[in-house]
Number of protein chains: 2
Amino acid sequence: MGKQMTEMLKGTLEGIVLALLALGPAYGYEITARLRDQGFADIAEGTVYALLVRIEQRGLVDVEKVPSEKGPPRKVFTLNPQGREALDDFWSSWGFLADRLAHLKTEGGQ
Amino acid sequence: MGKQMTEMLKGTLEGIVLALLALGPAYGYEITARLRDQGFADIAEGTVYALLVRIEQRGLVDVEKVPSEKGPPRKVFTLNPQGREALDDFWSSWGFLADRLAHLKTEGGQ
DNA sequence: TACCACTACATAGTAACGCTGAATACTGGA
DNA sequence: TCCAGTATTCAGCGTTACTATGTAGTGGTA
């Protein structure tokens, strides 16, 4: 992924993961896979795990350890009410930014 | 501005400034003022000047010192061809991200 | 047994960026 | 003389994503 996208993901990636979790509980490995499906091909696993640690520490998700048949136990993350609130805040900020940029794009020719 | 917006601006603010410069040459103080008009009320002046230094060092803008009647000389920045290319790249990355998020937003209920 | 692929999580160190807070410099008006 | 407005610069900080690596568990296969 380009350096540009790397910088643009800062702050946004957390919102993306929260949005994915809003669709249903998931564990880290699964989330990285879903991100790849979503087109974020080159997001490093380490990045996702670090992000999950952060949102867990901020109390945005509930965590449950679930045994797996295919490897080490999974840490399943579920968005809780606080997480939903954080997601709402994210969409609000994103909406503002997207709106401003849409303006700028038409205003500024191409 | 919230911490959330601060993080989200990373990488994006540069694109915003490039887009503003695409509308015509401008100097730092003027750009911060335009940003405020655009709704980015709390962007620190220091942030804008640091950003301008960066894009100058990367050769995205041409710089000219112009005397001012109201204070120290202005550094007027003009987007050059390389800058326009960077702006195109930005819009491309932004387009991808905005598209993905629009998907996620509808997909994910609210 | 030994090895490998896949699954699954974790972490230390680094780079980049925006913010805070302050300093500097020039003009004009109270 | 002091202050407000204009205009730029910089050191130090916190946050985030990336790189690179390590650790574990399971199943298949030679």
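Per chain, numbering begins at 1; letters A, B, ... match sequence-line order. Predicted model only: the values in this text are computed from it and were never measured.
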D:dC18, C:dT20, D:dT8: which one has an atom nearest the side-chain heavy atoms of B:K75? D:dT8

Measuring centre to centre across the rings, with the benzene-like ring taken for any Trp, is A:F40 within less than 6.0 Å of B:F96? yes

Calculate the interatomic distance between A:Y27 atom OH and C:dT7 atom C1'; express it in whole Å. 8 Å

Validation row: A:V48, A:E45 side chains within 4.5 angstrom (heavy atoms): no

B:K10 side-chain N/O to C:dC19 phosphate OP1/OP2 under 4.0 Å: no

For A:Y27, does its backbone N or O pair with a side-chain atom of A:E30 as donor and acceptor, under 3.5 Å? yes

Round to a whole Å and report the spacing from CG of B:L35 to P of C:dC19. 10 Å

B:E7 side chain: which of D:dA17, D:dT15, C:dC19 is closest? D:dT15

In whole Å, what is the span from the CD1 atom of A:I31 to the P atom of D:dA17? 14 Å

Less than 4.5 Å apart, any side-chain heavy atom of A:R100 and any of A:L104? no

Nearest-nucleotide 5' precedence on DNA chain C, B:G11 against A:V76: A:V76

B:I43 side chain near B:T32 side chain, heavy-atom distance below 4.5 Å: no

Would one find a side-chain N or O of B:R54 under 4.0 angstrom from OP1 or OP2 of C:dA16? no

Separation of D:dC18 atom P from A:F40 atom CZ, nearest Å, is 11 Å

Could you tell me the separation between the NZ atom of A:K65 and the P atom of C:dA8, rounded to a whole number of Å? 14 Å

Kindly say if A:Y29 contacts the phosphate of C:dC9, meaning a side-chain N or O under 4.0 Å from OP1 or OP2. no

Between C:dC9 (P) and A:E56 (CD): distance, integer Å: 12 Å

For residues A:L20 and A:L35, determine if any side-chain heavy atom of one lies less than 4.5 Å from a side-chain heavy atom of the other. yes

So, is A:K3 close to the D:dC18 phosphate, meaning a side-chain N or O under 4.0 Å from OP1 or OP2? no

Under 4.0 angstrom, heavy atoms only, what part of the nucleic acid is A:L13 near: base, sugar-phosphate, or nothing? sugar-phosphate

Check: A:W94 and A:D89 side chains under 4.5 Å, non-hydrogen atoms: no

Take A:E69 and A:L51, find for each the nucleotide of DNA chain D with the closest heavy atom, and name the residue whose nucleotide sits nearer the 5' end. A:L51

Please check the phosphate of C:dC26 (OP1 and OP2 only) for any side-chain N or O of B:R74 closer than 4.0 Å. no

Below 3.5 Å is the cut-off: list the nitrogen or oxygen pairs between protein and nucleotides 20-25 of chain D, distance only.
residue : atom : partner : partner atom : Å
D:dG25  : N2   : A:K70   : O            : 3.2

Which nucleotide in C:dG18, C:dT11, D:dT15 has an atom nearest any side-chain atom of A:Y49: C:dT11

Residue closer to the 5' end of DNA chain D, B:E30 versus A:T12 (nearest nucleotide): B:E30

A:M5 CE - C:dC17 C1' separation (whole Å): 17 Å

Could you state the CZ-P distance from B:R36 to D:dA7, rounded to the nearest angstrom? 14 Å

Short question: side chain of A:R36, backbone of A:A41 - any donor-acceptor pair under 3.5 Å? yes

